[in-house]
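Worksheet: the structure to be examined is printed underneath.
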2 protein chains.
Amino acid sequence: MHPLRAYLHRFVPELTEADWQPLAEALRPRHLARGDHFVRAGEHRPELALMLHGSCRLYYPRPDGEERTTYFFFENHLLADYPGCLTGQPSQFGIQALTDTELVVFDYALLRRLYDERPVYERFGRLVAEYHLLGTDARLTEQLLLSPEERYRALLASGKTKILERIPQHLVANYLGVTSVSLSRIRGRVARTRNQKP
Amino acid sequence: MHPLRAYLHRFVPELTEADWQPLAEALRPRHLARGDHFVRAGEHRPELALMLHGSCRLYYPRPDGEERTTYFFFENHLLADYPGCLTGQPSQFGIQALTDTELVVFDYALLRRLYDERPVYERFGRLVAEYHLLGTDARLTEQLLLSPEERYRALLASGKTKILERIPQHLVANYLGVTSVSLSRIRGRVARTRNQKP
DNA sequence: GGCCGGCGATAACAAAAGCTAAGAAATGAG
DNA sequence: CTCATTTCTTAGCTTTTGTTATCGCCGGCC
């Protein structure tokens, strides 16, 4: 089964071959080399993409020229300037490949048409939005409830080990809302308190 | 027009009288006195409510007995343990009235049935989830990108003046992810730097 | 009126995080 | 293999925040 069809299937198992066809015909493969962008801040890119392989980051440029990375994407994640698709505005952020990445891309306009023509896509859209809302809300809550050290420990304990294994530490620091220097100190503390107990 | 119907209408103007009827018949008015809960942490409450009047807070209890308030709700906001509705799990948080509050309540099970029976509700569900996702994402980004003082200034500049006008300051501090003492200091700094320039 | 509890400002101290810089370790390129 | 770049750690210092406690203000309640 096509990876995108499998992705849809996880949310809407009732998806038929007839539902799948119009989307399948519109798919475009795309390759991003390390450092390439799926979208840059300021661009409008009303496209969605499923990642087949690789890793990407979402980052915001700041007035002072610095960047802050707030999300990571791996295989089987959807990639898009979702706010831009919904509002028609240019993207506030960039999405950049951290390693060589393979995508299949389709237009947001097509998805909108499928929302109207095939109810199963409307349901898919609802479920995807709900799923992401739950995740984003949990992460916001973590930011508000936990200290930086607690957030690092939570990341250790969570299923998101890919982030720790495959992402440079200064970007993980951004993701946790601290500086890389501070994360390094936290790691030192956590490692030490681990060895203390026994 | 009924306030809930007006709320629906903002997302799905195509909603017909026939669409509205089954929901209208199931509505239950409810009153919360100051301090009453719509849902407590640990309860399962698969209901949605539209606020007609009043103000509520969403808060997480912590192991140490403290509480952290992360959201506020006012007139014309939907109220629900959304994660609990979606997963069937008990709520992680409480929702409590800060002032006397009027609600209209209906069951999540009904909404699920309407998702199946009337496509306009499926679309409504998608749009509401997308809308809230945008808001939550913006707030998470603010937490990751801005310092506490910048977040306070952003709140001042935003359209959310209700929060500053109607919510006790120590709860606003929670909402911004700082302590009440720190927010008090920040307010002092901001007030001083305002008067400096002229 | 007087009492009391919640709320907000402030101070003093401790703890943590930010900033800058330097150096070690790992990674890549030629 | 070597050189250069990136990444990570560590240190010294500054700034901010957290913690605890006190005090004043205000509003509700008897």
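Computed from heavy atoms alone, side chains included, the values below leave out hydrogens, waters and symmetry copies. A note on names: the letters A, B, ... follow the listed sequences, proteins ahead of strands, and every chain is numbered from 1.
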What is the distance from [atom1] of [X] to [atom2] of [N], rounded to the nearest Å?
X        : N      : atom1 : atom2 : answer
A:Tyr152 : D:dC8  : OH    : P     : 11 Å
A:Glu150 : C:dA17 : CD    : P     : 10 Å
B:Arg187 : C:dC7  : CZ    : P     : 15 Å
A:Glu165 : D:dC8  : CD    : C1'   : 18 Å
A:Leu176 : C:dA16 : CG    : P     : 17 Å
B:Arg166 : C:dC7  : CZ    : P     : 17 Å
B:Leu144 : C:dA17 : CG    : C1'   : 16 Å

Practice task
Spell out, yes or no, whether A:Leu111 and B:Leu127 are grouped together once hydrophobic residues are joined by side-chain heavy atoms under 4.5 Å, including indirect joins.
Solution key: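 Same cluster: A:Leu111 reaches B:Leu127 through Ile, Leu, Val, Met, Phe, Trp or Tyr contacts under 4.5 Å.
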Handout entry: Contact letters for nucleotides 12-30 of chain D, in which S counts primed atoms plus P, OP1 and OP2 and B counts the base, heavy atoms under 4.0 Å
Key = B----BBBB----------
Problem - Letter per nucleotide, 5' to 3', of nucleotides 25-30 of chain C [B base touched, S only sugar-phosphate touched, - untouched; heavy atoms, 4.0 Å] - result: ------
Ion pair check, [X] and [Y], cut-off under 4.0 Å:
X        : Y        : result
B:Glu122 : B:Arg126 : no
B:Arg151 : B:Glu142 : no
A:Glu17  : A:Arg5   : yes

Handout entry: Listed once per pair and sorted, the salt bridge (Lys or Arg N to Asp or Glu O under 4.0 Å) pairs that draw on residues 33-46 of chain A, sequence neighbours left out
Key =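 Found A:Glu43-A:Arg45, A:Arg45-A:Glu47.
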Exercise for the section: Enumerate the residue pairs fulfilling ring pair (Phe, Tyr, Trp, His ring centres under 6.0 Å) with a member in residues 121-154 of chain A, sequence neighbours excluded, ordered by first and then second residue. Expected result: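 For residues 121-154 of chain A, and leaving out neighbouring residues, the ring pair (Phe, Tyr, Trp, His ring centres under 6.0 Å) pairs sorted by first residue read A:Phe11-A:Phe124, A:Phe11-A:Tyr131.
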Problem - Pairs involving residues 80-114 of chain B, ordered by first then second residue, that meet ring pair (Phe, Tyr, Trp, His ring centres under 6.0 Å) (sequence neighbours left out) - result: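 Those involving residues 80-114 of chain B are B:Tyr60-B:Phe93.
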Handout entry: A:Arg57 and A:Thr69: side chain donor to acceptor below 3.5 Å
Key =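 Yes, a side-chain donor-acceptor pair sits under 3.5 Å.
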Exercise for the section: Report yes if a side-chain nitrogen or oxygen of A:His170 is closer than 4.0 Å to either non-bridging phosphate oxygen (OP1 or OP2) of D:dC8; otherwise report no. Expected result: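 For D:dC8, OP1/OP2 do have a side-chain N/O of A:His170 under 4.0 Å.
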Handout entry: Under 4.0 angstrom between B:Gln169 side-chain N/O and C:dG6 OP1 or OP2
Key =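 Indeed not, no polar side-chain atom of B:Gln169 lies that close.
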Practice task
Kindly check if the number of other-residue, nucleotide or ligand heavy atoms within 6.0 Å of CD (B:Gln169) is above 12?
Solution key: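 More than 12 within 6.0 Å, yes.
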Exercise for the section: For the helix from C:dG1-D:dC30 to C:dG30-D:dC1, measure the angle between the helix axis at one end and the axis at the other, each built from five pairs, rounding to 10°. Expected result: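 Rounded to the nearest 10 degrees, the bend comes out at 40°.
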Handout entry: Row check, B:Tyr71 ring normal vs B:Arg139 NZ/CZ: under 6.0 Å, within 45°
Key =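 Flagged: B:Arg139 positioned over aromatic ring of B:Tyr71.
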Handout entry: OG on B:Ser55 to NZ on B:Lys162, rounded to 0.5 Å
Key =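 Answer for the NZ-OG pair, B:Lys162 versus B:Ser55, is 10.5 Å.
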